[in-house]
2 protein chains.
Amino acid sequence: MTGFKPLDPLLHSQLRLAVMSLLIGLDSAAFTYIREKTGATAGNLSVQLDKLSEAGYIEIEKGYNGKKPVTTCKITAQGVEAFESYVNALKEYIG
Amino acid sequence: MTGFKPLDPLLHSQLRLAVMSLLIGLDSAAFTYIREKTGATAGNLSVQLDKLSEAGYIEIEKGYNGKKPVTTCKITAQGVEAFESYVNALKEYIG
DNA sequence: TTTTTAGGTTTATAATATAAACCAGTTTAT
DNA sequence: ATAAACTGGTTTATATTATAAACCTAAAAA
């Protein structure tokens, strides 16, 4: 239990962590919903979602709600696992 | 479920958080000790300790052990408070 | 038809983290 | 006594990250 395990830099970011935290409870959420809940700017959120997506932590699906574009995000199994590992590692620091 | 409170950026850093985590348990520690426990490079540690010091989260005292220079760090009351607030805020994110 | 709004993306800039290079002094080896 | 190597750091340069500003496309409203 001794020693500080490295913290996944992808998750050790306020906004990305908030996104993952939301998604782990929801399983699926729209861009606009995440934006509201996190209070992030659209630009920032767009960038951070891409990073999570490229890491395989979330899946991003682009569709439409009527004529309006809707970007939907879903956490992956890999994402859940990474989140849990991160939380465990973090506990050494704050426990 | 009050939403995501901002995370003190000074503490939301792997190395600085590890330092604070160590100091909160020890009350006082030498630079070299912190370096060993955290595995940080001296340069990085030096920079991060300065930041914590400038924020008033720790106090840095320079003395000697015989002829050898010894830099000693101590967490402040403000530092303890900041750490606790950070941990509380973080709990919203990680459950 | 022009303006505004929704739903984003791209790009430029600011902030951060990190390591490399360095410095003052001490100990060890020659 | 002098050179080489080690301690205990600091300073500076660079890579990475976070963030906001500027922008784009299409739809709805005026």
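Each chain gets a letter, A, B and so on, in the order its sequence line appears, and its residues count up from 1.
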Identify, residue by residue, the members of residues 7-21 of chain A with a heavy atom below 4.0 Å from DNA chain D, and return them in order of residue number, or none.
A/S13, A/R16
Using side-chain hydrogen bond (donor to acceptor under 3.5 Å, both in side chains) as the criterion, list what pairs up with A/Q48, not counting sequence neighbours.
A/R16, A/N44
Determine, step by step, whether B/I94 and A/I94 satisfy the side-chain contact (heavy atoms from CB on, under 4.5 Å) criterion, reporting the C-alpha distance in whole Å, the side-chain angles of both residues, the deciding distance to 0.1 Å, and the verdict.
CA-CA 12 Å; B/I94 67 174; A/I94 68 173; 4.3 Å; yes
Per-nucleotide protein contact along nucleotides 8-15 of chain D, 5' to 3', at a 4.0 Å heavy-atom cut-off (B base, S sugar-phosphate only, - neither), is SBBBB---
What pairs with A/K62 under side-chain hydrogen bond (donor to acceptor under 3.5 Å, both in side chains), at least two apart in sequence or on another chain?
A/T71
Would you indicate, yes or no, if D/dT19 has its OP1 or OP2 atom less than 4.0 angstrom from a side-chain nitrogen or oxygen of A/T41?
no
What residues from residues 52-60 of chain B pass a heavy-atom cutoff of under 4.0 Å to DNA chain C?
none
Got a sec, which residues hit ring-ring contact (aromatic ring centres under 6.0 Å, His included) with A/F31, two or more places apart in sequence or on another chain?
none
Who pairs with B/F83 by ring-ring contact (aromatic ring centres under 6.0 Å, His included), at least two apart in sequence or on another chain?
none
Using whole Å, what does the distance between atom C1' of nucleotide C/dG7 and atom CD of A/E36 come to?
12 Å
Please name all residues satisfying side chain to side chain contact (heavy atoms under 4.5 Å, CB included) with B/T32, sequence neighbours left out, ordered by chain then number.
B/A30
Any pair with a residue in residues 9-29 of chain B that passes ring pair (Phe, Tyr, Trp, His ring centres under 6.0 Å), sequence neighbours left out, goes on the list, sorted by first then second residue, please.
A/H12-B/H12, B/H12-B/Y86
In whole angstroms, how far is the C1' atom of C/dA24 from the NZ atom of B/K67?
14 Å
Those residues that, when tested against A/A29, pass side chain to side chain contact (heavy atoms under 4.5 Å, CB included) (two or more places apart)
A/L23, A/L26, A/Y33, A/I34
Spell out, as yes or no, whether a donor-acceptor pair under 3.5 Å connects the side chain of B/E59 to the backbone of B/T72.
no
Presence of B/K51 side-chain N/O under 4.0 Å of C/dA17 phosphate oxygens OP1/OP2:
yes
Using whole Å, report how far CG of B/N65 lies from C1' of D/dT7.
12 Å
Partner residues of A/S85 under the side chain to side chain contact (heavy atoms under 4.5 Å, CB included) criterion, sequence neighbours left out:
none
Name all residues meeting the salt bridge (charged side-chain N to carboxylate O under 4.0 Å, His left out) criterion together with B/K74; count only those two or more places apart in sequence or in a different chain, and write none if there are none.
B/D27
